[in-house]
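Convention: sequence-line order gives letters A, B, ...; per-chain numbering from 1.
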Amino acid sequence: MHVKSNQFIKLSQIAVTDEQMKTAVSTGTQTAYNNRIAAMRETSAAHGEMMRQQAAAIKRSALNHLPELLEKTETNMQANGIHVLWAADAAEARQHVLAIAQQHNVKKVTKSKSMVTEEIALNDALEAAGIETIETDLGEYILQLNQEPPSHIVTPVIHKSKESIRDIFEAQLEMPPTNDAREMAHFARQKLREAFLSSDMGITGGNFLVAETGSLGLVTNEGNARMVTSLPPVHVAIVGIEKIVPTMADYATLTQMISRSATGQKLAVYTHLINGPRREHEPDGSEHVYVVLVDNGRSNIYLSDYTEALACIRCGACLNACPVYKVTGGHTYGWVYPGPIGAIVTPLLTGLENASPLPYASSLCGDCKQVCPVDIDIPRMLLDLRHDLVQSGQQPRMWQWGMKAWAFGNTSPGRFQLGGKVAAKVTNKLSLNHLPGPLSGWTNYRTTPSFAPKSFRELWQEREDNNES
Amino acid sequence: MSRDQILSKLQSRKRPFPHISPPTAHHPMTPLSSEADELIARFIQEAEALAAVVHQPEDEPAAVDTILNLIGNDTSILAWDWSHVPLPSLPTELEARNIRIAPHDDAAVRVGITGVNGALAATGSLVMVSGNGRYRTTSLLPPVHIAIMTTDQISPNLESWLENQRAETPDLFKNASNIVIISGASRTADIAMELILGMHGPGELHIILL
């Protein structure tokens with residue numbers, strides 16, 4: 001997917017005028033936010049916090065041993081009959097999938113929801129090779145019909161109203177007119193069922209890879225991942241290398257964490273583990289299972305000071321908590337992953353120069369860190385990315401000059417006092433609310449308070465003088 | 001080769017998070033006592049909260065009646081092999097009414113009957129392990145899923161079920177290609193957050209608890 005993140009400011013200026021989108025996104029995120037809290041406090045708030053720290057420790061110690069765990073996962077998966085392939089980048093990942101499709105004479109693919117497949121632009125590559133590719137998650141299906149990208153990691157059409165979905169179904173699928181969501185969903189179910197039953201290959205992502213047993217963990221509420229991993233003869237899973245967890249006990253913690261953090265459910269309706277292709281004694285299931293381990297910049301993150309970002313289990317809780325996301329929606333972030341985690345991984349995976357506004361798309365309120373099931377310090381990383389941007393000299397000349405002037409004025413008590421005196425006199429004569437040129441960047445979004453007639457230092461000095469006399 | 005490239009790149013740095021140890025003992029997400037009556041009550045409560053209908057027939061004939069009512073006038077159903085379903089009188093009753101068992105991949109059938117390989121009280125969940133005579137499609141394709149189970153199959157939570165498997169069937173993950181934990185009826189809220197049951201999997205889940 002083409003990276004449009006540098007247009008974040010312009011895109012959000014437009015987005016905030018979209019009242020329907022803002023209502024849909026803020027209602028949707030608020031519901032998920034509240035449900036998460038209730039689920040995490042099920043036993044008690046203290047227990048919920050302890051489990052969060054347990055999950056955080058699991059992911060960090062997994063990252064500590066990532067190379068060995070990857071090898072162990074590969075060995076155990078192969079012992080289970082799963083073909084394991086490695087992809088250094090998006091192009092290689094696409095090549096693997098196309099090669100598998102060719103090998104198995106695949107004409108039709110059914111996909112369950114996967115953000116990493118968006119990241120590697122898989123659908124376009126399959127379509128270009130003449131392979132019909134059908135998204136089966138209801139939200140992704142709607143987006144595919146309308147040719148737009150997802151706007152949320154977990155609930156991809158959170159930005160759409162029921163009416164706009166109805167219009168898409170009527171236009172693209174000739175659905176008989178209805179305003180009933182249930183009828184719409186059942187109409188889609190029928191269409192997708194035909195696809196499930198006739199597809200040659202199922203493609204999924206992967207929520208977890210369990211090293212201990214060589215298993216792939218998937219979660220859905222709809223049942224589409226079960227369909228695409230049971231009905232077609234071939235199943236291909238595309239999974240980022242950071243999705244490894246060491247043991248089944250770790251998996252038990254994390255799979256219950258992801259459902260609670262994402263939607264407030266104690267477990268997703270279908271929580272399943274795939275341990276390989278169908279066994280000899282089994283009557284159904286895929287005959288061939290492939291797992292493609294994708295790097296695509298993750299190893300760079302691993303080597304950086306931002307390794308923590310790889311702990312993310314893609315639950316979307318940070319999106320639901322973010323006051324910026326709530327108002328701008330997900331498309332403004334310009335790439336696959338929106339919200340707080342998107343503001344970090346977009347520059348880290350695609351380059352700071354492609355996403356320079358994103359580290360600033362935050363008020364640093366810190367709620368993202370509070371709700372993160374693995375306690376990722378997103379605010380710290382946003383600040384560090386801002387620092388990186390400054391160090392890289394990518395900030396505009398005027399901004400750099402302005403900041404140097406600001407630093408100069410504020411690093412000596414004498415200059416600070418003089419500046420204050422001048423500002424106080426100036427505000428009495430002119431309004432500071434609309435400064436010209438590059439300084440308007442500061443004043444466009446702030447109201448300058450009026451300066452007191454005397455500064456604190458002056459008052460203090462007067463008081464000292466009075467006491468002495 | 002990409003594999004070696006990726007691995008050697010990861011190995012080239014000092015290990016991250018050296019001061020964080022993996023948990024030595026995993027706390028369960030929902031600690032529960034294993035007292036039988038409490039487990040049963042909690043299981044029913046959680047399952048019903050997820051739109052499952054839990055039936056507690058007083059004896060086998062009552063269980064069969066409940067199931068026949070759910071099947072209604074249908075002439076065919078999907079079903080697991082009866083050795084995996086804890087209701088021995090059911091097959092003969094079905095035969096007596098000319099209700100046939102369709103091939104396991106028949107997508108036109110309305111009702112699917114399975115047993116379970118476990119149940120979780122903390123989350124109202126059913127555990128299905130793939131295997132001979134335990135078709136994946138029976139609990140997936142039909143819009144109505146009837147799961148027949150006994151109260152002694154209920155474990156407190158996922159963690160304890162996995163622990164038991166580790167002890168009793170250590171080769172579980174080698175022998176079974178698929179383990180699915182089902183918590184309630186299939187659902188979506190993708191259309192303006194409106195909850196709709198039965199998106200792709202069964203929209204009606206009936207649990208016959210013996």
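Proximity to chain B involves both the backbone and the side chain of Leu273(A), based on heavy atoms less than 4.5 angstrom apart. Of the two parts of His159(A), neither the backbone nor the side chain holds a non-hydrogen atom closer than 4.5 Å to a non-hydrogen atom of chain B. Of the two parts of Thr27(A), neither the backbone nor the side chain holds a non-hydrogen atom closer than 4.5 Å to a non-hydrogen atom of chain B. At a 4.5 Å heavy-atom cutoff, Ala189(B) makes no contact with chain A through either its backbone or its side chain. Using a 4.5 Å cut-off between heavy atoms, Asn80(A) contacts chain B through its side chain alone, with no backbone atom that close. Heavy atoms of Ser304(A) lying under 4.5 Å from chain B belong exclusively to its backbone. Of the two parts of Ala79(A), neither the backbone nor the side chain holds a non-hydrogen atom closer than 4.5 Å to a non-hydrogen atom of chain B. Neither the backbone nor the side chain of Ala62(A) comes within less than 4.5 Å of any heavy atom of chain B. Proximity to chain B (any heavy atom under 4.5 Å) is restricted, for Glu42(A), to the side chain, taken from C-beta onward. Of the atoms belonging to Thr31(A), it is side-chain heavy atoms, and not backbone ones, that fall under 4.5 Å from chain B. If you measure heavy-atom distances from Ile241(A) to chain B, the contacts under 4.5 Å come from the side chain alone. For Gln5(B), the part lying under 4.5 angstrom from a heavy atom of chain A is the side chain only. Residue contact with chain A, scored on non-hydrogen atoms closer than 4.5 Å, is absent for Thr138(B). Contact annotation for Met257(A): both backbone and side-chain heavy atoms come within less than 4.5 Å of a heavy atom of chain B. When heavy atoms are compared at a cutoff of 4.5 Å, Met29(B) approaches chain A by way of both its backbone and its side chain. Of the two parts of Thr137(B), the backbone and the side chain both hold a non-hydrogen atom closer than 4.5 Å to a non-hydrogen atom of chain A. Interface residue Leu231(A): only side-chain heavy atoms are found under 4.5 Å from chain B. Neither the backbone nor the side chain of Pro170(B) has a heavy atom closer than 4.5 Å to any heavy atom of chain A. Contact annotation for Ala51(B): neither backbone nor side-chain heavy atoms come within less than 4.5 Å of a heavy atom of chain A. Both the backbone and the side chain of Leu141(B) come within contact range of chain A, each with at least one heavy atom under 4.5 Å from a heavy atom of that chain. Heavy atoms closer than 4.5 Å to chain B are found in both the backbone and the side chain of Pro67(A). Of the atoms belonging to Ile191(B), heavy atoms from both backbone and side chain fall under 4.5 Å from chain A. Using a 4.5 Å cut-off between heavy atoms, Glu163(B) does not touch chain A at all. Interface remark: Pro28(B) contributes backbone atoms only to the contact with chain A (heavy atom separation under 4.5 Å). Both the backbone and the side chain of His27(B) come within contact range of chain A, judged by heavy atoms closer than 4.5 Å. When heavy atoms are compared at a cutoff of 4.5 Å, Ala24(A) does not approach chain B at all.
Taken from CG in Leu70(A) to CD1 in Ile6(B), the straight-line distance is 8.5 Å, to the nearest 0.5 Å. Atoms CD1 and CZ, on Ile196(B) and Arg189(A) in that order, are 12.0 Å from each other to the nearest 0.5 Å. Taken from NZ in Lys174(B) to OG in Ser215(A), the straight-line distance is 9.5 Å, to the nearest 0.5 Å. The structure places OG1 of Thr188(B) at 13.5 Å from OH of Tyr141(A), a figure rounded to the nearest 0.5 Å. A distance of 5.0 Å separates CZ of Arg3(B) from CD of Glu71(A), quoted to the nearest 0.5 Å. We find the OG-NE2 distance between Ser130(B) and His281(A) to be 6.5 Å, quoted to the nearest 0.5 Å.
Counting heavy-atom pairs closer than 4.5 Å to chain B, the top residue among Asn221(A), Asn64(A), Thr43(A) is Asn64(A). Counting heavy-atom pairs under 4.5 Å between each of Arg278(A), Arg260(A), Gln265(A) and chain B puts Arg260(A) at the top. Your options are Glu163(A), Met184(A), Gln53(A), Glu212(A), and the one with the most heavy-atom pairs under 4.5 Å with chain B is Glu212(A). Between chain B and the residues Glu308(A), Arg182(A), Met227(A), the most heavy-atom pairs under 4.5 angstrom are made by Met227(A). Heavy-atom pairs under 4.5 Å with chain B peak, among Ile274(A), Leu138(A), Thr213(A), at Leu138(A). Comparing Arg60(A), Lys266(A), Lys162(A) by heavy-atom pairs within less than 4.5 Å of chain B, the highest count is held by Arg60(A).
The nearest pair of heavy atoms linking Thr229(A) to Arg136(B) is O-NH1, 3.0 Å. Taking all atoms of both residues into account, the shortest heavy-atom contact from Leu63(A) to Pro16(B) is O-CG, 3.8 Å. The two residues His26(B) and Thr253(A) come nearest to each other via the heavy atoms CD2-OG1, 3.9 Å. For the pair Ile58(A) and Pro23(B), the tightest heavy-atom approach, listed with the atom from each and the gap, is CG1-CG, 3.6 Å. Residues Ala107(B) and Leu197(A) share a closest heavy-atom pair of CB-CD1, 3.5 Å. Scanning all heavy atoms of the two residues, the minimum distance from His186(A) to Gly198(B) falls at NE2-O, 4.0 Å.
For the pair His200(B) (side chain) and Phe196(A) (backbone), a donor-acceptor distance under 3.5 Å is absent. Under a 3.5 Å cut-off, the side chain of Arg187(B) and the backbone N or O of Val269(A) do not form any donor-acceptor pair. A donor-acceptor distance shorter than 3.5 angstrom exists from the side chain of Glu282(A) to the backbone of Ser177(B), with no hydrogens or angles considered.
A 4.5 Å side-chain heavy-atom check between Ile182(B) and Arg226(A) finds at least one atom pair inside the cut-off. Side chains of Leu158(B) and Thr255(A) form a contact here, defined as non-hydrogen atoms less than 4.5 Å apart.
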Chi angles and distances behind the side-chain contact (heavy atoms from CB on, under 4.5 Å) call for Ser12(B), Leu303(A)
CA-CA 8 Å; Ser12(B) 70; Leu303(A) 299 178; 3.5 Å; yes
Under the side-chain contact (heavy atoms from CB on, under 4.5 Å) rule, what do Asp284(A) and Asp105(B) come out as? Steps first, then yes or no, please.
CA-CA 9 Å; Asp284(A) 59 9; Asp105(B) 56 358; over 6 Å; no
Intermediate values then yes/no, side-chain contact (heavy atoms from CB on, under 4.5 Å), Gln256(A) and Asn157(B):
CA-CA 11 Å; Gln256(A) 292 179 96; Asn157(B) 48 38; 5.5 Å; no
Evaluate side-chain contact (heavy atoms from CB on, under 4.5 Å) for Glu222(A) paired with Asp190(B), printing each intermediate quantity in order.
CA-CA 10 Å; Glu222(A) 297 181 10; Asp190(B) 273 338; 3.3 Å; yes
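With hydrogens and angles left out, the side-chain atoms of Glu92(A) and Ser2(B) include a donor and acceptor closer than 3.5 Å.
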